[in-house]
Amino acid sequence: MSTDYSKWATTEEIKTRFDRDVERFSNLDTGQLTTIDAPLTMELCTEAAKYISPQAKELLDIGCGAGNYTLKMLSKISNLNCTLNDLSLPMLEKARERVSAQTNGNVSIIQADMRSLELPDNHFDIILASAVFHHLREDADWEHVFGKMYAALKPGGSIWISDLITHDSPAVAKLFQDKYGAYLETLGGPEYREKVFDYIAYEDTPRSVNYQLGLLQKIGFKNLEILHKNSCFAAFGGVK
Ligand SMILES: C[S@@+](CC[C@H](N)C(=O)[O-])C[C@H]1O[C@@H](n2cnc3c(N)ncnc32)[C@H](O)[C@@H]1O
């Protein structure tokens, strides 16, 4: 049965919400608190990228927010040229300010929906995409964007995805939703849990790790690896 995605937030609504939320994404030590194990997944994604491409020169950060993943990457490989993409200009401006202070490489920002990004072929050594692909809707969107990422990577380059995920078994999906709810309550009580669940239900359409790994493989990525999974969050990726 196909899903009617017209009930979910539009790209414009998502952009407007993130325009107002820059500070929440500007703490490099904690990452965003609503993501379980955010500091660990930031660490693992950037370490994996470094181990695969220690001589990397070109980094692309999709849905970069205020730039945390790029900053973490620069703490491991210095002076990368950084291409930062986001829908939100306030996010990009904050990211550019923070990232420019940490690299002598070029820093360029691209304000665009990731679906319509125009990127050079075979250009990037590393692509990082944290907490952004869950905004993709139809299968065709996912395939289009993952294909774009593949084309933009150099052979031997890697993509690392850290994201909210769902599960293919409804019962297991419920199990981890309950566990995530309990986690959110530790941050801000039942009201906070409901607030986060409400915006997830309206804005986010995550896919399972199995779905995404299957798609990465179909597109041509190899050496697929799951770096971490805890409850409704996972970090994984692969090599072109
Ligand atoms: C949850 S934040 C994560 C930010 C950053 N990656 C991090 O982990 O700190 C998601 C970001 O993705 C951006 N975003 C949402 N939909 C997008 C789209 N279709 N194309 C590009 N960026 C998008 C939002 O504006 C927001 O800055």
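Just the heavy atoms: all of them, side chains too, but no hydrogens, waters or symmetry mates, feed the values below. In each ligand, atom 1 is the first atom listed, and ligand 1 is the first ligand listed.
- Under the 30°/60° scheme for interplanar angles, the aromatic rings of Tyr211 and Trp142 are found to stand perpendicular.
- Taking a heavy-atom cut-off of under 4.0 Å, ligand 1 is surrounded by Ile14, Phe18, Phe25, Gln32, Gly63, Cys64, Gly65, Tyr69, Asn85, Asp86, Leu87, Ser88, Met91, Ala112, Asp113, Met114, Arg115, Ser130, Ala131, Val132, His135.
- Within the structure, the salt bridge (charged side-chain N to carboxylate O under 4.0 Å, His left out) test picks out the following pairs touching residues 211-235 (sequence neighbours left out): Glu143-Lys218.
- For Asp125, the salt bridge (charged side-chain N to carboxylate O under 4.0 Å, His left out) test picks out Lys154, with sequence neighbours left out.
- Below 30°, between 30° and 60°, or above 60°: for Phe221 and Tyr150 the angle between ring planes is above 60°, a perpendicular geometry.
- To the nearest 0.5 Å, atom CE of residue Met114 and atom NE2 of residue His144 are 10.5 Å apart.
- Sequence neighbours left out, the pairs with a member in residues 22-43 that pass ring pair (Phe, Tyr, Trp, His ring centres under 6.0 Å) are Phe18-Phe25.
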